[in-house]
2 protein chains.
Amino acid sequence: MTACLCCVRVVKLFGQIEERALGRGMAYLYVQVADDLRRRIQSGEFPAGSQIPTREQINKQYKVSAAVAIKALSVLVTEGLVESRPGAGAYVLPPRERLQLSRERHREVRGGSPFAGDMETQGKTPRWRAHSRSDAATAEVARRLGIAEGDPVMRTVYVYTADDEPVQRAVSWEPYELTRGTPIAFPEDGPHGGRGVRDRMAVIGVTVTHRREALSSRGATVEEARDLGIATGAVVTVLRRTYFTDDRPVETADIVAAGDRTEFVYVLPIS
Amino acid sequence: MTACLCCVRVVKLFGQIEERALGRGMAYLYVQVADDLRRRIQSGEFPAGSQIPTREQINKQYKVSAAVAIKALSVLVTEGLVESRPGAGAYVLPPRERLQLSRERHREVRGGSPFAGDMETQGKTPRWRAHSRSDAATAEVARRLGIAEGDPVMRTVYVYTADDEPVQRAVSWEPYELTRGTPIAFPEDGPHGGRGVRDRMAVIGVTVTHRREALSSRGATVEEARDLGIATGAVVTVLRRTYFTDDRPVETADIVAAGDRTEFVYVLPIS
DNA sequence: TCGAATTTGTGCGTATGTATC
DNA sequence: GGATACATACGCACAAATTCG
């Protein structure tokens, strides 16, 4: 195994010859630079709110190219440790006060909006907009709703804001066969528009008994990034929710929120 | 507002002049390429498991530079849509079967390990290792445990595996004042080692009544990436859990799992 | 108030190392 | 072993946003 370019540079940088230059777990240059910047931040050299070295300063201080400085900075941004603004620089973020989105049972208050309740508790003004259209179920949506791929569904996209800052984005699907011709066919229109799934389903005699929520995370898609006001590829938490009656699913949704600005909260009793 | 470089190229590419070249929401070149590749994947042109165009093919097909092809591909990788392997190419990932980590109430079965139950349900062999040491509470841990910063705590790091693949990593803190001198001082040692928090606390007459779990997400730290076998900066889901008696917190933990390989699942009744 | 300097985000071209086929 | 393909690295340029004199 011969030394690659990055390893040769490491040798030049640190004056070490064998151990690091030939190690299999050799860290890349941009990782080394990111690690050192992270260490300097955590050591207190750059407190919260302060500016960290610019691209050019990194080039000089670490004797690396522009590409390495850019990638090292992007690592710290992805970790949520710093925030960079064009023309201004990169700044250390304070330990984030995350907006709390509670998922407790008492959210299911008759007639109230869970999101509005959460935001008002935290002193924020809630608002949302929604847009519905009918669509054909994808394989994934069909599986979750227990219907056939291609079956008609009502698809609604919601964007929720707090103090006019985007907080969460949701895409909801309901089997059109269930609600067609009823007053709740359009989730956001009609006399029952804007109410929760439980209340709307009750209108047509469907009793929702439980819900399943599965949480994972990934990089944001372009649409999500735009709606949430975050960078493309920034980390988002994904909550896949399905409402059930005793014997069938009646609604499913993908709820997406910025990973570092929000948290989904569950409080559960222990028997 | 004058057209930037990328916009000029867009004009060349699509033969359109005014609308797109001057629009404020103008998409960057790499975003356009990523969008088109995503569209082609979702249209069925590249089914799951198939190879998508190589970087060189992207250069030619879209008439863009290497840097744009690289960044467009990295967007799709971050989104979890494709996986790229050096020397092999980039391949469409099948809809991910995520390992399910259930957070339901019935997990709290006396004497059993919740993780083991989850994994056995999914046909995997569970295993874990743990390491405890006493430590001083950080500001964050002190806040969560309702103690003073610097107070002694027992800190335990767990790494859980399924079929010897790392699945989740947890760092747990207990107030040392609560367990000092009792048989449960070391979570993984003694007659009650390895049992759940509820059962261990019962041994010393402490009744756990509820727990709070807050989920967010971010890029993995270096330690987490090493323990979970993922790339540095890969996305992880973070679950902050605290166990309470009626009047005080008795344990808190940060549970971290790969964002795209696992999901935390809640099933909740609706009153 | 306006222009110059700074800084980030993006783009182009090229080269090397390493993994895979 | 050779060809292919990805990951990283270097150097350079321009546009847009911000900052500051």
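Naming: A, B, ... by sequence-line order, numbering from 1 per chain. Treat the numbers as computed from the prediction; the structure is a model and nothing was measured.
- Computed from coordinates, the Glu56(A) CD to dG9(C) C1' distance equals 16 Å when rounded to whole Å.
- Spacing between atom CD of Glu83(A) and atom C1' of dG9(C) amounts to 15 Å, rounded to whole angstrom units.
- Protein atom NZ of Lys60(B) is 10 Å distant from nucleotide atom P of dT4(D), rounded to whole Å.
- For Asn59(A) and dC12(D), the CG to C1' distance is 12 Å, given to the nearest whole Å.
- Taking only side-chain nitrogens and oxygens, Tyr30(A) never comes nearer than 4.0 Å to OP1 or OP2 of dA9(D).
- Here Ser84(B) reaches the OP1 or OP2 of dA7(D): one of its side-chain N or O atoms lies under 4.0 Å away.
- Using a 4.0 Å heavy-atom distance criterion, Ala88(A) is classed as a sugar-phosphate-only contact.
- Residues Gly259(B) and Ser216(A) come closest through the heavy atom pair O-CB, 3.3 Å.
- Closest contact between the side chain of Thr54(B) and the listed nucleotides dT7(C), dC21(C), dC6(D) involves dC6(D).
- Within the 3.5 Å criterion, the main-chain N or O of Arg240(A) finds no donor-acceptor partner in the side chain of Asp254(A).
- Panel note: side chain Glu165(B), backbone Thr161(B); no donor-acceptor pair is recorded below 3.5 Å.
- Rounded to whole Å, the distance from NZ on Lys71(B) to P on dC12(C) is 12 Å.
- With Gln57(A) contributing its side chain and Thr54(A) its backbone, the two residues share a donor-acceptor pair below 3.5 Å.
- Whole-Å rounding puts the Arg55(B) CZ to dC12(C) C1' distance at 14 Å.
- Put simply, OH on Tyr28(A) is 8 Å from P on dA9(D), counting in whole angstrom units.
- To the nearest angstrom, P of dA9(D) lies 14 Å from CG of Leu73(A).
- Residue whose closest nucleotide on DNA chain D sits further toward the 5' end, between Ala90(B) and Val68(A): Ala90(B).
- With a 4.5 Å cut-off on side-chain heavy atoms, Arg144(A) and Arg241(A) do not count as touching.
- Residue Ile70(B) is in base contact, counting any heavy-atom pair closer than 4.0 Å across all strands shown.
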